[in-house]
Amino acid sequence: MEDRINRDFIRDIVKEDLASGKHESITTRFPPEPNGYLHIGHAASICLNFGIAEENDSATCNLRFDDTNPSKENTEFVEAIKEDIKWLGFNWDEREYFASDYFEKLYGFAVTLIEKGKAYVDSQNQEEIRENRGTLTHPGNDSPYRSRSVQENIALLKEMRAGKHEPGSHVLRAKIDMSSPNLNMRDPVMYRILDTPHHRTGNTWPIYPMYDFAHGLSDSIEEVTHSLCTMEYEDHRPLYDWFINELKVFKSRQIEFGKIFLSHTILSKRNLTKLVENNLVTGWNDPRMPTISGMRRLGYSAHSIREFCQRVSITRRWNTAEIELLEHCLREDLNKKAHRALAVLKPLKLVIENYPENQVEYLEASNNPQDDSSGIRKIPFSRELYIEQDDFMETPPKRFFRLTPGREVRLRYGYFITCKEVIKDPVTNDIMEIRCTYDPDTRGGNAPDGRKVKSTIHWVSANHAIDAEVRLYERLCLDPEPDISDGKNLESVLNPNSLEVINSAKLEPSLKESTSGNPIQFERLGYFCLDSEDSKDKDNLVFNRTVSLRDSWAKTQSSN
RNA sequence: UGGGGAUUCGUCUAGCGGUAGGACAACAGACUCUGAAUCUGUAAGCAUAGGUUCGAUUCCUAUAUCCCCAGCCA
């Protein structure tokens, strides 16, 4: 899979442009607005833009923050975005830009357009502008201010820049065509007055450029050859080209592709912001969030996210990838990388009656059976163990292979044991303890006489186990495509069981040395990792379940 | 009802006039010291209707369905 070559219609265009000599080198850009954290949908765009740069010797990708709306943007987001892109494994070297770096140049472009008679200051209020824009089916009306003289426009714009006018009193508009069937061409606003300080330019600018004006010209300033964006900007392309053509500047080319959605989650920035602000999650990096930082904290590997983006590919279609594909990419990667460990989430005491009291043996276990170079470790074994509650049933259903009264099973890397007795609480009738015997000849897990057992279960030594908190995460939404249309209560689409906290899991002692960022497979349970936020103290271990192992037993159970 | 875009197995995707292929998911089986992994197999698709052609998923014409656009957001 790793050596599969990326191919899609955009990479085809890039290749052709290089082959035909249209461009000697290629420049793309990833243009986030720093008003939130990056999510899995952005990862697709990052992989596309930075991927093209990586794949072509003569290509580079700029990181440019589209910071033209100071009321929503801040440096926390800038820093988080940079960290996420780096973590995904991409780099932009010194090519870190901000649209706000170009405010002076952009202002110059605006003046040029006025001088050409292609822009004017409109003094209608917001309401009037909206009314005169017309509708989808009816053309708009020209503004009464549309024919102001060049001198007057220049003077007004200077005053706007000097802070002499109130927000909302004037805007600068391109003079295009109020009857265009494309609403974007009906004299789009280029500048508005805002008295909000900007996170980088402070109070130096009382006016801020709008996206359509700023974005394409920023591309042009950077000599971006291929400006890749999502389909909803297709209607904006005539405007993108209009600014570039009127100003006779470097011709960047905008190419649109379909956005990628993910099932069982929410991806719009507006709703993610709401989850954070309403404390429906613990923050932008809550492990349930589809953000890069949330996924990182959950235990996703960068490689698996990049693999996912590659497999979903880039087309002009609107698509929703199933989360199962993402999880497959994750498991595939973690299966190769994760060290194994034994951990019991819901402990059930098990006593081996014929095992000597006070004896401790250290049994060898493979760190990763999928990887011979991963080495082995030793796990303490003793008379009293914990096993998983789910691994014992007094009256089992058909096809239950685990421990039941009278049955022999294998303890992973340990011995064969046979259940002799079940001890229950006399009052509640709850199972308190299982009494077993072991076969000393099966040390390490194999019987010299060649007899087989139907199952192998995991365990930890009661006296040696360490305690930990384990957080079992599930998908954010139960519905594959949650309905979050306006007016819907966001909370109602959230999975009420997206987090189950286990306070006293019992882990094999080697897990004491875990470090965050390293995946671990708790055998037979799933992939876990140390929580990067709440596990800083070695005496207070917190593990997150990244993803469970596939479980065909659970599946047959639930389908019955 | 204006403009723009999309439509291939459940999902994602290949196809560029000549047997519709892959991945994930599903199902069945083999194997197994993880009911994992691995392996094998099964089922499943060209939105519809016309036309052009020896031959159409591919070209043409309609139709249908879905998505985007009326921010001084990006």
B:rA49: pairing nucleotide in any strand, Watson-Crick or G-U under 3.5 angstrom: B:rU61

Name the closest nucleotide to the A:R317 side chain, picking from B:rC72, B:rU13, B:rA74. B:rU13

Near-parallel close stack of A:F401 and B:rG35 base (under 5.5 Å, under 30°): yes

Base, sugar-phosphate, or nothing: which does A:R130 touch, judged by heavy atoms less than 4.0 Å apart? sugar-phosphate

Please state how far atom CE in A:M185 lies from atom C1' in B:rG4, giving the value in whole angstrom units. 13 Å

A:H138 NE2 to B:rA70 P, in whole Å, measures 17 Å

Using atom OH of A:Y208 as one end and atom C1' of B:rC72 as the other, report the distance to the nearest whole Å. 14 Å

Examine the side chains of A:D8 and A:S313 and answer whether a donor and an acceptor come within less than 3.5 Å of each other. no

Under 3.5 Å donor-acceptor pair, A:R402 side-chain atoms to B:rG35 base atoms: yes

Under 3.5 Å, is there an N or O donor on one side and an acceptor on the other linking the side chain of A:E324 and the base of B:rU11? no

Answer for the Watson-Crick or wobble partner of B:rG55, both distances under 3.5 Å, is none

May A:Y211 be described as stacking on the base of B:rA74, applying a 5.5 Å centroid limit and a 30° limit on plane angle? no

Flag the pair A:R451 and A:E408 as a salt bridge only when some basic side-chain nitrogen lies within less than 4.0 angstrom of an acidic carboxylate oxygen. yes

Any side-chain donor near an acceptor of the partner, A:S366 and A:R340, under 3.5 Å: no

Under-3.5 Å donor-acceptor pair between A:D235 side chain and B:rG3 base: yes

Using whole Å, report how far CZ of A:R412 lies from C1' of B:rU32. 10 Å

Syn or anti for B:rG71, with syn set at within 90° of 0? syn

Applying the Watson-Crick and G-U wobble criteria at under 3.5 Å, what pairs with B:rG10? Answer none if nothing qualifies. B:rC24

With the side chain of A:R316 defined as its heavy atoms from C-beta on, choose the nearest nucleotide among B:rA25, B:rG5, B:rC67. B:rG5

hbond_proxy A:R340 side chain to B:rU34 base (donor-acceptor, 3.5 Å cutoff): yes

Round to a whole Å and report the spacing from CG of A:L325 to P of B:rU11. 14 Å

Answer yes or no: side-chain N or O of A:E322 and base N or O of B:rG10 forming a donor-acceptor pair under 3.5 Å. yes

Reference residue A:D187; test salt bridge (Lys or Arg N to Asp or Glu O under 4.0 Å); the match among A:K175, A:K118, A:R146: A:R146

Using purine N1 to pyrimidine N3 plus N6-O4 or O6-N4 for Watson-Crick, or N1-O2 and O6-N3 for G-U wobble, both under 3.5 Å, which nucleotide pairs with B:rC16? none

Does a salt bridge link A:R545 with A:E474, judged by any charged N lying under 4.0 Å from a carboxylate O? yes

